Amino acid sequence: MDCTKVKETLFLFFDDEMDQTDQGQFESHLAHCPQCARRASYTQQLLIVFRRSCGRQVAPTALRLRIVTSLRLRRGGQTLH
Ligand SMILES: [Zn+2]
């Protein structure tokens with residue numbers, strides 16, 4: 001796993017949506033790449049603050065983004081109010 005891949009999968013990692021193999025590679029990359037380790041801990045802090053500020057929010061970030069996106073697609077531009 002390289003730095004680009006790590007950047008792309010950061011949110012999956014913190015949402016526990018990464019598969020076991022990727023997770024192992026992700027963690028070993030962080031172990032020898034200080035730059036990615038720093039980015040990961042920064043992202044983790046952001047997510048903690050974000051989740052705290054969203055109180056009742058239980059759905060993982062990535063999952064929620066998918067739901068929001070599919071709702072928008074289903075509406076197809078029509079106003080349902
Ligand atoms: Zn890296």
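Just so you know, these numbers come straight off a predicted model, no measurement behind them. Just follow the structure's listing: the first ligand is 1, and inside any ligand the first atom is 1.
Here CG of Asp22 is found 5.5 Å from NZ of Lys5. Values are rounded to the nearest 0.5 Å.
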Discussion item. Determine whether Gln44 and Ile48 satisfy the following criterion, side chain to side chain contact (heavy atoms under 4.5 Å, CB included), listing intermediate values before the conclusion.
Written reply: CA-CA 6 Å; Gln44 191 178 25; Ile48 290 169; 4.3 Å; yes

Item to complete: With side chain to side chain contact (heavy atoms under 4.5 Å, CB included) as the test, would you mind laying out the steps for Cys36 and Lys7 before giving the verdict?
Response: CA-CA 8 Å; Cys36 285; Lys7 237 191 287 181; over 6 Å; no

Practice prompt. Applying side chain to side chain contact (heavy atoms under 4.5 Å, CB included), run through Val6 and Leu30 and close with a yes or a no.
Written response: CA-CA 9 Å; Val6 167; Leu30 290 197; 4.2 Å; yes

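Distance alone, capped at 3.5 Å, is enough to place a donor-acceptor pair between the Asp19 side chain and the Thr21 backbone.
For the Zn ion (ligand 1), protein N, O or S atoms under 2.8 Å: 4 in total.
Ring pair Phe13/Phe26 is parallel by interplanar angle, where below 30° counts as parallel and above 60° as perpendicular.
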